[in-house]
Amino acid sequence: MDKYSKVVFFFGTKGQFIKTYHLLNTLNSKNVNVELVDTGQHTETISKEISNLNFDFKYKKYGQNKTDISSIKEMIPWFLKTFFKIIFSKKDKERNICIIHGDTASTLLGIIWGKKNNSKILHIESGWRSEKIFQPFPEEIIRQISERFSDILVPDGKVQLKNLAKYSLSKKIVPIKKNTIYDTLLNNLDSKQDSNLNKLLITIHRTENIYNKKNLSNLVDIIEMIKNKEFFDEIVWYCHKPTLQILRKNNYEKLLKQLGVNVEMLLTHYKFINAVNTSKCVLTDGGGVAQEASFLGVPLIIWRTKIKTDHQYQDNKNVLVSNYNFKDTISFIKSIRSHEKTKTEVNESSSEIIADEIEKLIVN
């Protein structure tokens with residue numbers, strides 16, 4: 001069996017870092033040498049989270065940008081610059097296992113980095129499918145490229161595992177029962193904050209919701225409707241930077257504040273997840289936030305069209321995939337008081353399972 005001297009975690013977004021945070025700590029506890037290679041995609045946001053790692057590690061960052069890449073206009077030159085820096089940089093002399101995560105632009109760059117450095121590539125969140133190659137775009141394409149060129153695939157559910165059947169003989173597949181975000185979630189919850197406030201927490205950032213004027217207008221309309229019906233004592237919208245820019249550009253921030261909606265910047269994950277845990281309901285279009293809220297049993301409205309991966313919520317009465325339907329959304333909110341807040345219980349750690357597989361390949 002081939003042996004490797006270290007693990008390189010190649011990432012760029014806040015979600016990738018948060019979902020892998022507990023895995024990195026677990027690897028460190030097993031005396032595995034960990035290095036972080038950061039594309040700088042969410043450089044401003046991630047800098048606040050990296051400081052929470054409580055062990056020594058090497059850190060390399062591509063790109064000189066001091067703020068997050070928050071628009072398509074910024075994304076293209078950033079991607080090309082990072083691509084060429086990877087291509088023309090010196091090869092890593094140590095044999096490494098390169099961990100990549102999810103389906104972002106940084107995931108794709110991680111594949112390129114791993115191939116250039118002859119890494120053994122491990123892909124977390126393998127097997128996700130929408131069955132529509134351009135929905136979401138480019139995520140669906142990146143998912144399939146990542147699986148094709150990775151050596152170890154980590155699916156986090158039965159459907160995802162089934163989608164990887166064609167690789168069963170050619171690649172190592174390490175199935176886990178729950179997404180690794182669950183481990184980070186458990187370690188970030190404040191047990192003292194057990195109050196259930198009558199608050200609606202909103203976080204929206206997907207391109208189809210903030211850059212499409214019709215979808216954005218409909219979103220503001222539904223928030224106004226919810227506010228006017230006084231379902232909640234408080235509504236807080238935690239904004240990603242591009243979302244806030246778009247709200248301001250369209251004069252929606254002022255309107256929302258006049259309605260009494262609190263429009264605020266994103267929190268650190270620790271503060272944010274405890275804000276989710278104490279909310280009466282969450283309205284989001286983010287996959288990670290949706291997973292977190294559903295794990296915590298907080299009533300959840302996913303603000304987007306229904307897609308194939310929504311199978312994970314089909315038996316969960318606390319979750320509504322809205323399909324942008326106003327009537328269904330209001331009906332769901334009206335019924336929230338009858339919903340029981342039941343947290344997901346998982347006896348095994350997904351991060352431990354992945355770390356055990358990595359440890360077998362590491363020379364201590």
Side-chain angles (χ1 to χ4, degrees), residues 14-15 17-19 21-22 45 48-49 51-52 178-205 219 222-241 243-244 247 253 256-257 259-304 312-313 316-322 329-346:
K14 179 183 177 182
F17 184 80
I18 294 300
K19 290 183 177 184
Y21 173 82
H22 189 67
T45 308
K48 302 171 185 177
E49 303 289 350
S51 60
N52 292 327
K178 287 293 178 184
N179 193 283
T180 52
I181 188 61
Y182 186 74
D183 295 328
T184 302
L185 193 66
L186 293 181
N187 284 274
N188 275 353
L189 281 181
D190 186 345
S191 59
K192 296 178 182 178
Q193 291 188 339
D194 57 359
S195 58
N196 190 18
L197 304 176
N198 189 29
K199 174 180 69 180
L200 172 66
L201 185 151
I202 303 171
T203 173
I204 300 289
H205 72 279
L219 175 61
I222 191 72
I223 293 171
E224 183 175 7
M225 189 185 301
I226 292 169
K227 182 65 180 177
N228 289 338
K229 289 181 178 292
E230 299 182 345
F231 291 120
F232 303 97
D233 297 330
E234 181 183 10
I235 298 178
V236 184
W237 187 340
Y238 290 108
C239 290
H240 294 70
K241 189 175 180 179
T243 305
L244 187 58
L247 290 179
E253 181 188 25
L256 290 166
K257 287 184 175 180
L259 290 170
V261 176
N262 296 323
V263 180
E264 302 180 11
M265 292 300 293
L266 285 182
L267 304 171
T268 62
H269 185 260
Y270 174 82
K271 291 181 179 179
F272 179 76
I273 201 58
N274 283 287
V276 170
N277 193 38
T278 57
S279 296
K280 180 68 72 175
C281 182
V282 170
L283 171 64
T284 187
D285 60 0
V289 178
Q291 287 175 328
E292 291 168 333
S294 63
F295 285 152
L296 292 171
V298 178
L300 166 68
I301 301 166
I302 302 176
W303 192 251
R304 56 168 168 72
Q312 61 184 309
Y313 304 117
N316 192 334
K317 295 180 180 179
N318 271 1
V319 179
L320 171 72
V321 182
S322 70
T329 301
I330 296 299
S331 295
F332 180 82
I333 290 173
K334 285 181 178 179
S335 69
I336 280 178
R337 290 176 182 172
S338 65
H339 294 196
E340 293 185 9
K341 187 177 180 180
T342 306
K343 295 183 180 180
T344 300
E345 298 293 340
V346 180

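The structure presented is a predicted model; accordingly, all values stated were derived computationally and were not measured.
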Tell me, do [X] and [Y] make a side-chain contact under 4.5 Å, heavy atoms counted?
| X | Y | value |
| --- | --- | --- |
| Leu200 | Lys280 | no |
| Leu300 | Val282 | yes |
| Glu264 | Tyr238 | yes |
| Phe332 | Pro299 | yes |
| Leu185 | Ile273 | yes |
| Phe231 | Ile336 | no |
| Asp285 | His205 | yes |
| Ile301 | Ile333 | yes |

N/O donor-acceptor pair under 3.5 Å between Thr284 side chain and Thr203 backbone: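 Between the backbone of Thr203 and the side chain of Thr284 there is a qualifying donor-acceptor contact (under 3.5 Å).
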Heavy-atom donor-acceptor pair, Thr243 side chain to Ile204 backbone, under 3.5 Å: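 Yes: the side chain of Thr243 pairs with the backbone of Ile204.
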Partners meeting side chain to side chain donor-acceptor pair (under 3.5 Å) with Thr45 (sequence neighbours left out):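 Per chain and number, Thr45 pairs via side chain to side chain donor-acceptor pair (under 3.5 Å) with Asp68.
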Result of checking Lys14, Glu49, Glu292 against His269 for side chain to side chain donor-acceptor pair (under 3.5 Å):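 For His269, the side chain to side chain donor-acceptor pair (under 3.5 Å) check succeeds only for Glu292.
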